[in-house]
Amino acid sequence: MKHLSLALALAAVALPAAAHAQTGAAAADKLHVDTQYFTLPNGLRVVLTRDTIAPTVTVGVYYGIGFRVEPKDRTGFAHLFEHLMFQGSKHAPKGVFDTTITNSGGINNGSTRFDFTNYFEIVPSGALERMLWLEADRMANPVIDDVVLKNQQGVVGNEVKVNVLNQPYSTWPWIDLPMLANVNWYNSHNFYGDLKEIEAATVPDAQAFSKEFYRPNNAVLVIAGDIDYAATRAMVEKYFTPIPSAAPVKQPDISEPRQTAEKFKSRVDALAPKPGYAAGYHVPARGTPEWYAMGLIDQILLQGDDSRLFKKLVSDTGIAGELSGGINGDLGNMFNYRGPMLWSFSFTHDTAHSTAQITQAVDEVIEALRAKPVSAAELQRARTKMRSELYGTIDGGGRVGLIDLLAVYALFDNDPAAVNGIEEGFAKVTPALIQKTAQEYLRKTNRSVYVIEPGAQPKGGK
């Protein structure tokens, strides 16, 4: 959530990863990312992947701490700490990190998500060693003092005011819907942060957070691009091996009980020009056969102009102008999280359409999928769309999508090479499994609906 303008700039960086280059015609239709994977004595997991499509490298460091497990009574703390990590380290004072990157023509950014916080840089190949030195110093020796903390509390507080409190729709649906659908505090609190709690954070809080979570044994380092494997490994060992490990992170219980009753909530938003409708359904556990089926259900129901919900809500009825959402659709994708998650969709609409009318239209689409198996042709089309989306992620600007996939499969599964099996997981999904998954996970009693009413709209009329 830092340097949002740089995130937008990535769209203009034309550095495809060519990650699916194949060796031999037999493998021509199968994803293959060549990787080297090893773990340092201090627990740091390292993923290397080489391509020569451009003389650049992308470096990513992913820490196994996201806003889902931030300290209670310190909402927004994981995001606040992400900002602190850009304020300099012992041997690279504030400004050195960014200046080093911009002077080489590179870019960098970071973000806080449900289950990780990540930092990445895209630089010319010759700047790799400097980047590794900087990231190692940031991991080992971040500057955390009263000056830095107060400065970033002000920055994050202003971000909350600008991006949330004074924006139409504000926290809807990306924060509101999880808070409604989940019952476990870790999954249902305001992860952007309450201003009072952000301001209450102390230097000892931040130092303790660093010692607990920002350690090599709770991190993954990914290096992708124009690299030499042996030379890169030597550099990694040189700069990161001396960093001491810490006690294993104690993960809290983030499980959610099975939802058994539909939930509904609405609120008036004085800044919203139109009503908003959002619905979320709990999804199967990541990596299960049903989870792969749910990924294809997402393609069938929501993604693209040929999806069933788009046809019903946009093309046929004109209820909505466009739809957005997916599995973890507001803050990532279906691969880069662990723990409970929602499949959700949202849209704004004219006041002529009531919540009841919209829900009826949604139900017609959902129940049709639950009642009848999809055709082989529709299932294959969903696989094709998913494959296109997957390859688009991997070959996206600056290799950012590629390092993200490798990092999360290393962080969550200890197996970055598992990305090469993603397509196989979708290939095993049958019409019967689609229907079975829809019957359990798309039932009304597994649904939460959150509605926005414009401030000028009279209450009622549902």
Side-chain angles (χ1 to χ4, degrees), residues 1-2 60-85 110-119 156 159-160 163-164 171-194 197-198 201 205-206 208-215 217-220 248-259 263 280-288 291 294 325-344 404-405 407-414 448 450:
M1 296 181 186
K2 182 256 186 192
V61 180
Y62 280 58
Y63 293 92
I65 171 62
F67 46 68
R68 198 198 297 266
V69 295
E70 63 191 1
K72 288 189 176 181
D73 301 322
R74 289 290 183 270
T75 57
F77 197 91
H79 176 211
L80 171 63
F81 197 87
E82 173 215 324
H83 279 253
L84 294 180
M85 289 290 281
S111 67
T112 312
R113 302 301 185 202
F114 276 103
D115 301 295
F116 63 83
T117 302
N118 71 315
Y119 307 86
V156 173
E159 189 175 311
V160 170
N163 293 350
V164 179
T171 54
W172 180 87
W174 57 298
I175 293 177
D176 291 336
L177 200 54
M179 290 181 71
L180 173 63
N182 295 307
V183 298
N184 187 327
W185 180 90
Y186 290 103
N187 306 313
S188 64
H189 68 278
N190 177 5
F191 48 78
Y192 213 104
D194 182 279
E197 295 183 10
I198 292 171
D205 288 339
F209 192 84
S210 176
K211 291 177 181 177
E212 182 175 3
F213 296 110
Y214 274 69
R215 310 313 304 163
N217 50 312
N218 193 42
V220 169
V249 173
K250 295 180 180 178
Q251 293 288 349
D253 178 11
I254 60 173
S255 62
E256 286 288 328
R258 183 176 184 267
Q259 186 174 334
K263 299 179 181 180
Y281 301 74
H282 296 280
V283 302
R286 179 178 171 274
T288 61
W291 175 78
M294 197 71 204
I327 300 174
N328 191 26
D330 292 321
L331 283 164
N333 56 54
M334 71 175 290
F335 306 106
N336 62 3
Y337 72 91
R338 64 177 166 189
M341 187 51 64
L342 300 177
W343 173 70
S344 63
D404 186 72
L405 271 180
V408 297
Y409 273 92
L411 193 62
F412 304 154
D413 308 290
N414 196 31
S448 299
Y450 202 117

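Because only heavy atoms are used, hydrogens play no part in the values below, and waters and symmetry mates are left out as well, while side chains stay in. Only a predicted model underlies this, so the values are computations on that prediction, with no experimental measurement involved.
- One distance of note links CZ of Arg74 with CG of Asp205; it measures 4.5 Å at 0.5 Å rounding.
- Although no hydrogens or angles enter the test, the distance criterion places no donor-acceptor pair under 3.5 Å between the side chain of Glu212 and the main chain of Val249.
- The two residues Pro71 and Trp185 make their nearest non-hydrogen contact at O-CH2, 3.7 Å.
- Remark: the backbone N or O of Gly280 is not paired with any side-chain donor or acceptor of Ser448 at under 3.5 angstrom.
- Here the closest heavy-atom approach between residue Pro340 and residue Ile254 is recorded as CG-O, 3.0 Å.
- In this structure, Phe213 and Phe209 have tilted ring planes: the angle between them lies in the 30° to 60° band.
- A donor-acceptor pair is defined here as one N or O able to donate and one able to accept, closer than 3.5 Å; such a pair exists between the side chain of Ser188 and the backbone of Asn184.
- Of all non-hydrogen atoms in Pro173 and Asp330, the two that sit nearest each other are CG-OD2, 3.9 Å.
- With rounding to the nearest 0.5 Å, the separation of OH in Tyr337 from CZ in Phe114 is 10.0 Å.
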Q.
Is there a side chain to side chain contact (heavy atoms under 4.5 Å, CB included) between Trp291 and Met334? Walk through the geometry before answering.
A. CA-CA 9 Å; Trp291 175 78; Met334 71 175 290; 3.4 Å; yes
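- Proximity of a side-chain donor or acceptor of Asn187 to a complementary backbone N or O of Asn182 within less than 3.5 Å is not detected.
- The two atoms that bring Leu177 and Ser344 nearest to each other are CD2-CB, 3.6 Å, heavy atoms only.
- Taking each heavy atom of Ala201 and Leu80 in turn, the nearest pair found is CB-CD2, 4.1 Å.
- Partners of Arg338 under the side-chain hydrogen bond (donor to acceptor under 3.5 Å, both in side chains) rule, at least two apart in sequence or in another chain, do not exist in this structure.
- If you look at Tyr192 and His79, their ring centroids are closer than 6.0 Å.
- Counting heavy atoms from C-beta outward, Lys263 and Val183 have side chains that approach closer than 4.5 Å.
- Summarising the geometry, atom CZ belonging to Arg113 is positioned 14.5 Å from atom CD1 belonging to Ile65; distances are rounded to the nearest 0.5 Å.
- Residues that satisfy the side-chain contact (heavy atoms from CB on, under 4.5 Å) test with Asn333, not counting sequence neighbours, are Phe335, Asn336, Asp404.
- Here the CD atom belonging to Glu82 is positioned 10.5 Å from the CZ atom belonging to Phe67, to the nearest 0.5 angstrom.
- With sequence neighbours excluded, the residues satisfying ring-ring contact (aromatic ring centres under 6.0 Å, His included) with Tyr214 are Tyr63, Phe81.
- In this structure, OG1 on Thr112 lies 7.0 Å from NE2 on His83, to the nearest 0.5 angstrom.
- In plain terms, the two heavy atoms of His189 and Arg68 that are nearest each other are CE1-O, 3.9 Å.
- With values rounded to the nearest 0.5 angstrom, Thr75 atom OG1 is found 5.0 Å from Asp194 atom CG.
- Cation-pi geometry between Lys72 and Tyr186 is satisfied (NZ or CZ under 6.0 Å from the ring centre, within 45° of the ring normal).
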